[in-house]
Amino acid sequence: MSSNREIHLASRPQGWPTADNFRLVSTEVPTPGPGQIVVRNQFVSVDPYMRGRMNDAKSYVPPFALDAPLDGGAIGEVVAGGADGISVGDTVLHGLGWREYALLDARSARRVDPTLAPVSAYLGVLGMTGLTAYAGLLDVAAMQPGETVFVSGAAGAVGSMVGQIAKLKGAGRVVGSAGSPAKVQRLTALGFDAAFDYHDGPVRDALKAAAPDGIDVYFDNVGGEHLEAAISAMNLHGRAAICGMIAQYNSAEPPAAPRNLALVIGKRLTLRGFLVGDHGDLRDQFVAEVAGWLREGTLSYDETIVDGIENAPEAFLGLLRGENLGKMLVRV
């Protein structure tokens with residue numbers, strides 16, 4: 001353990017990020033102090049919410065600092081230190097990604113069992129991604145059996161889980177939007193009743209064709225035109241779980257849509273934003289149920305893996321461009 005490579009934020013993006021906004025920096029592998037551990041990261045996560053943290057703006061999570069490592073979900077092996085029941089050799093989940101070696105307080109790491117599932121799954125289907133889908137659909141949107149569910153960005157890590165969980169929980173019809181014919185085909189293979197490529201025409205028209213009787217639940221990963229279309233398609237007392245709005249993350253201009261928010265009144269709709277961190281009380285229930293579905297083979301998940309910490313910026317940019325199928329990860 002002589003050198004450590006990290007990705008630093010070199011400058012704040014204006015609109016779409018570029019490779020120039022990032023810098024690969026070599027440092028010494030840190031030495032743990034009392035109560036600390038050093039983790040050799042195996043996988044790190046890149047996620048859409050990270051784009052907002054690159055701006056110097058007040059939000060629900062502090063912005064990334066310039067000329068310092070970015071952070072985010074990661075999983076790896078403890079190689080030095082130990083405390084609070086964590087020892088060298090343990091596999092732990094933590095929040096200091098975008099680097100090869102991470103120094104952190106042992107109490108901020110969560111030990112996981114690498115024999116139960118591939119370790120990468122703890123960053124996806126069994127981690128924040130899966131819990132986001134589970135809590136957003138079942139708690140925030142309160143989906144009921146027999147209802148029609150629409151998921152935008154449905155071939156992504158969260159969206160693909162939402163659609164499958166909806167079917168497993170008895171949804172009457174599940175519709176997804178995606179950004180390519182291959183992704184549409186994948187959604188059909190995952191059990192979606194209908195799926196469409198939003199590049200093929202207005203989302204409103206495609207959604208009406210896919211859900212002619214309207215929708216009861218909308219899980220929003222995209223915002224913009226998709227949210228406007230969902231509001232138009234919603235039945236009385238429809239609910240929307242607002243998870244993300246990737247369509248406007250890189251825009252310097254205010255979004256043009258939705259322009260039909262007045263329909264929220266007459267339809268008595270509920271549009272509720274949420275953060276996965278508010279639903280930690282569901283974690284044990286979520287892990288038990290999803291692990292069971294995985295064992296039974298009734299739930300599938302996709303991963304897009306990019307090798308090398310030096311390629312983490314490109315993996316992130318690819319995520320924003322929609323190049324991933326399922327969870328985007330960097331194998332360190």
Side-chain angles (χ1 to χ4, degrees), residues 1-9 22-47 49-50 52-54 56 58-132 135 275-284 286-287 309-310 312-313 315-316 327 329-332:
M1 298 194 302
S2 58
S3 65
N4 178 33
R5 295 187 300 167
E6 308 171 334
I7 301 297
H8 289 205
L9 185 64
F22 304 91
R23 181 182 299 117
L24 178 65
V25 176
S26 293
T27 65
E28 294 295 319
V29 174
T31 300
Q36 293 183 319
I37 56 174
V38 174
V39 180
R40 172 64 168 94
N41 285 333
Q42 296 167 316
F43 288 91
V44 302
S45 178
V46 292
D47 301 283
Y49 82 89
M50 294 174 175
R53 295 189 65 192
M54 294 176 185
D56 188 10
K58 184 177 180 179
S59 184
Y60 62 88
V61 62
F64 292 126
L66 289 175
D67 300 314
L70 294 93
D71 58 61
I75 193 165
E77 181 183 352
V78 178
V79 294
D84 294 336
I86 294 179
S87 305
V88 171
D90 286 344
T91 299
V92 296
L93 190 67
H94 63 91
L96 293 182
W98 294 81
R99 68 202 79 186
E100 291 176 321
Y101 291 90
L103 173 68
L104 60 148
D105 290 337
R107 60 189 174 186
S108 65
R110 182 163 62 90
R111 189 171 59 181
V112 300
D113 186 347
T115 67
L116 293 180
V119 295
S120 59
Y122 288 101
L123 292 173
V125 63
L126 289 176
M128 181 183 73
T129 297
L131 182 57
T132 299
L275 299 176
V276 66
D278 297 334
H279 299 274
D281 59 308
L282 292 176
R283 182 177 297 279
D284 290 343
F286 149 73
V287 171
I309 195 65
E310 69 277 9
F316 175 71
K327 179 69 177 176
L329 295 166
V330 178
R331 180 162 41 211
V332 181

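Heavy atoms only: backbone and side chains are in, while hydrogens, waters and symmetry mates are out. None of these values were measured; they are calculated from a predicted model.
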Shortest non-hydrogen contact between [X] and [Y], atoms and distance:
X    : Y    : value
V29  : S3   : CG2-O, 3.3 Å
A83  : A106 : O-CB, 3.5 Å
M50  : F64  : O-CE1, 3.5 Å
R99  : I309 : N-CD1, 3.5 Å
L104 : A109 : CD1-CB, 3.8 Å
A312 : I7   : CB-CG1, 4.2 Å

Heavy-atom check, side chain of [X] versus side chain of [Y], under 4.5 Å:
X    : Y    : answer
T129 : L123 : no
R331 : Q42  : no
K327 : F43  : no
V79  : V88  : no
W98  : V44  : no
H279 : T132 : no

At what distance, to the nearest 0.5 angstrom, does [atom1] of [X] lie from [atom2] of [Y]?
X    : Y   : atom1 : atom2 : answer
M128 : L93 : CE    : CG    : 10.0 Å
Y122 : I75 : OH    : CD1   : 7.0 Å
L9   : M54 : CG    : CE    : 6.0 Å
L96  : L70 : CG    : CG    : 11.5 Å

Donor-acceptor pair, side chain of [X] and main chain of [Y], under 3.5 angstrom:
X    : Y    : answer
E6   : V25  : no
R283 : D281 : no
R40  : G76  : no

Mind checking what makes side chain to side chain contact (heavy atoms under 4.5 Å, CB included) contact with [X], not counting sequence neighbours?
X    : result
L275 : Y60, D278
P32  : Q36, V38, A80, L103
T31  : none

Sequence neighbours excluded, every pair satisfying side-chain hydrogen bond (donor to acceptor under 3.5 Å, both in side chains) that has a member inside residues 108-120: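 Those involving residues 108-120 are D113-T115, S120-E303.
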Residue pairs, two or more places apart or on separate chains, that pass side-chain hydrogen bond (donor to acceptor under 3.5 Å, both in side chains) and touch residues 74-94: N41-H94
Set of ring pair (Phe, Tyr, Trp, His ring centres under 6.0 Å) partners for F286, sequence neighbours left out: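 Residues passing ring pair (Phe, Tyr, Trp, His ring centres under 6.0 Å) with F286: Y134.
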